[in-house]
Number of protein chains: 2
Amino acid sequence: MNIDTQTPTPRGPGRPRQSESEKADVRERLLDAATELAVEQGFEACGLREIATRAEVSPAMISYYFGDRDGLYEAMFGRAFERISEKVAAVMADPLRSGRDRIDDLVAIQVKAIAADPWLPKLVMREVLARNGSPMQEFVSNAVAKGPLQMMVDWIEQEQERHEIRSDYDPRMLAMTIASLTGFPFLMLPLVGDRLGLELDDEFPDRLIAHNQKLLSNALRAHTEEE
Amino acid sequence: MNIDTQTPTPRGPGRPRQSESEKADVRERLLDAATELAVEQGFEACGLREIATRAEVSPAMISYYFGDRDGLYEAMFGRAFERISEKVAAVMADPLRSGRDRIDDLVAIQVKAIAADPWLPKLVMREVLARNGSPMQEFVSNAVAKGPLQMMVDWIEQEQERHEIRSDYDPRMLAMTIASLTGFPFLMLPLVGDRLGLELDDEFPDRLIAHNQKLLSNALRAHTEEE
DNA sequence: GAATTAATCAAACGTTTGATTAATTTTAGC
DNA sequence: GCTAAAATTAATCAAACGTTTGATTAATTC
């Protein structure tokens with residue numbers, strides 16, 4: 001496609017004519033390419049030449065815009081985490097009201113947040129597992145534990161006091177349970193989905209939401225057998 | 001320590017005298033070193049020189065025993081999965097009897113299997129995320145999906161026919177739920193445990209088992225409201 | 001219209017990588 | 001005791017890596 005406005009890419013040296021059709025910033029294209037490749041094969045595994053090739057620029061551009069390899073890495077993660085931070089901030093802004101069915105909302109929000117950017121948790125998980133003791137871990141630890149996770153713990157404690165949730169659960173364990181139920185399937189499915197007859201298609205998030213809502217609703221209710 | 005029986009490691013070429021004190025097979029030492037380093041920093045990130053140095057042999061030994069890098073990689077995973085396979089086989093040999101409380105055994109076995117080798121799921125998860133479309137994914141996919149996961153699915157279907165488990169769950173989703181509840185916390189805890197007041201200590205596996213048993217027991221029971 | 005800056009590339013740099021080779025020594029079989 | 005095989009190392013290889021350099025040209029400023 002669009003062969004007419006672009007030369008067939010054997011481009012010569014010199015500053016190219018600006019705004020020839022509409023192409024994104026080189027800097028932005030490099031970040032996109034780096035992110036894509038990092039999701040596909042891990043950042044450590046892909047060379048700068050590969051990144052530059054996908055961005056359709058020369059490797060020297062990486063030095064030019066980011067200094068060195070680490071600079072590109074940090075810039076890439078910085079941009080990725082901006083999206084997470086925005087989502088966390090949005091959820092925190094609408095604090096969880098009381099009511100047992102409110103947990104349905106919680107599950108739905110969480111699953112949809114992950115499904116919207118399925119590459120992000122994958123990338124985070126990988127890099128966190130990969131770099132032991134890196135500043136990235138501190139970063140993630142803050143973003144996840146202090147954010148949605150702590151929020152869930154607080155809310156669960158509230159609901160237990162109001163007898164909306166069985167009080168014989170450890171709130172922290174329960175928060176981790178919810179995180180597990182919503183996050184882990186997205187990591188597992190590409191691996192075992194085929195052999196299990198499940199696919200990570202458009203319908204899967206809704207199916208996961210429904211399943212988790214049913215399960216948690218049955219598990220958490222404090223009505224049938226208390227007081 | 002033991003400086004007396006070993007030369008201070010500037011060893012010359014040629015076959016070394018056998019049973020000089022008692023040192024393990026070079027092959028085995030290489031596999032140990034590769035596993036350790038793979039857990040610490042990921043297999044892709046560590047060079048053959050580093051592995052050989054830790055095993056206290058020359059890099060050429062890797063070629064000698066494993067052919068090439070991929071050979072070492074496969075041998076390493078093969079050895080690691082033997083342990084898992086043994087455990088799976090043991091569980092399969094004692095087929096899950098019927099009865100609702102039997103799910104308690106299932107959860108306990110799974111958590112204890114992971115807790116016994118906490119580095120294995122970490123390594124598997126990382127390598128699976130890292131190598132997209134590699135033969136290793138096929139390998140893991142077979143070991144995990146065809147093994148414990150499929151076994152759980154079959155068992156759940158049985159129990160649903162016997163009305164021991166609510167029949168309005170998708171067995172495959174339920175199997176994934178159990179895998180999530182038992183596996184994910186081990187990946188999350190090192191990251192968010194501190195900030196949550198939970199630690200991955202000796203007591204944690206038992207705590208996780210108890211929590212999951214309670215949760216699943218409440219969620220799965222088919223008695224209180226059906227027939 | 002001359003001088004300067006910004007953006008880009010091709011080519012080359014020195015380093016490190018996975019892999020191979022040749023030499024060396026012990027062990028085992030005859 | 002000789003010989004062939006096994007096991008190991010030092011030294012080396014080509015290829016790939018991240019990075020730097022010098023040249024080149026569009027755009028901007030004066």
Side-chain angles (χ1 to χ4, degrees), chain A residues 5-34 37-38 41-76, chain B residues 5-34 37-38 41-76 130-131 134 136:
Chain A
T5 56
Q6 271 179 311
T7 47
T9 344
R11 188 142 45 100
R15 180 171 185 163
R17 221 159 297 189
Q18 207 176 26
S19 75
E20 178 189 287
S21 75
E22 19 77 38
K23 56 183 172 184
D25 267 5
V26 169
R27 200 190 127 92
E28 215 64 17
R29 284 219 311 280
L30 276 170
L31 285 174
D32 289 341
L37 285 167
Q41 40 181 271
F43 187 78
E44 325 251 12
C46 65
L48 297 188
R49 277 171 182 75
E50 200 177 359
I51 296 173
T53 300
R54 177 168 299 208
E56 293 180 297
V57 296
S58 94
M61 289 291 90
I62 293 172
S63 248
Y64 185 73
Y65 282 109
F66 306 102
D68 58 2
R69 198 177 203 283
D70 283 348
L72 171 60
Y73 182 80
E74 282 179 32
M76 183 190 82
Chain B
T5 57
Q6 269 179 311
T7 47
T9 345
R11 188 140 45 96
R15 180 174 185 160
R17 217 159 300 189
Q18 205 179 26
S19 75
E20 179 188 287
S21 74
E22 19 77 38
K23 55 183 174 184
D25 267 5
V26 168
R27 200 190 128 90
E28 216 64 18
R29 284 219 310 280
L30 276 170
L31 286 174
D32 289 343
L37 285 167
Q41 42 180 271
F43 187 78
E44 324 252 13
C46 63
L48 297 188
R49 278 170 182 75
E50 199 178 359
I51 296 173
T53 299
R54 178 169 297 208
E56 293 180 297
V57 295
S58 95
M61 288 290 91
I62 292 171
S63 249
Y64 185 72
Y65 282 109
F66 306 103
D68 59 1
R69 196 187 152 84
D70 282 350
L72 170 61
Y73 184 77
E74 282 180 31
M76 184 190 81
R131 306 203 155 190
S134 77
M136 195 48 57

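To find a chain, count down the sequence lines: A is the first, B the second, and so on, and within it residues start at 1.
DNA chain C lies under 4.0 Å from at least one heavy atom of each of the following residues of residues 59-66 of chain A: Ala60(A), Met61(A), Tyr64(A), Tyr65(A).
We find that CD of Glu28(B) is positioned 14 Å from P of dA7(D), with the value rounded to whole Å. One interatomic measurement links the two molecules: CG of Asp68(B) to P of dT17(C), which rounds to 17 Å at whole-angstrom precision. Atoms CZ (Arg29(B)) and C1' (dT9(D)) sit 14 Å apart, rounded to a whole Å. What separates CD of Glu50(B) from P of dT16(C) is a distance of 13 Å, to the nearest Å. Rounded to whole Å, the distance from CD on Glu56(B) to P on dT9(D) is 10 Å. Note: CG (Leu48(A)) to C1' (dA16(D)) measures 12 Å, nearest angstrom. For Arg49(B) and dC13(D), the CZ to C1' distance is 11 Å, given to the nearest whole Å. The distance from atom OH of Tyr73(B) to atom P of dG18(C) is 14 Å, rounded to the nearest whole Å.
Nearest to the side chain of Arg69(B), among dC9(C), dG18(D), dA19(C), sits dA19(C).
Leu72(A) and Phe66(A) get closest at one heavy-atom pair: N-CB, 3.5 Å. Annotation for Arg69(A) and Cys46(A): closest pair NH2-O, 2.8 Å, computed over non-hydrogen atoms. Here the shortest heavy-atom pairing between Arg29(A) and Glu56(A) reads NH2-O, 3.7 Å. Closest heavy-atom contact between Ala52(B) and Ser58(B): CB-C, 3.8 Å.
Taking CD from Glu74(A) and CG from Asp68(A), the interatomic distance works out to 8.5 Å, rounded to the nearest 0.5 Å. Rounded to the nearest 0.5 Å, atoms CG (Leu30(B)) and CE (Met76(B)) are 12.5 Å apart.
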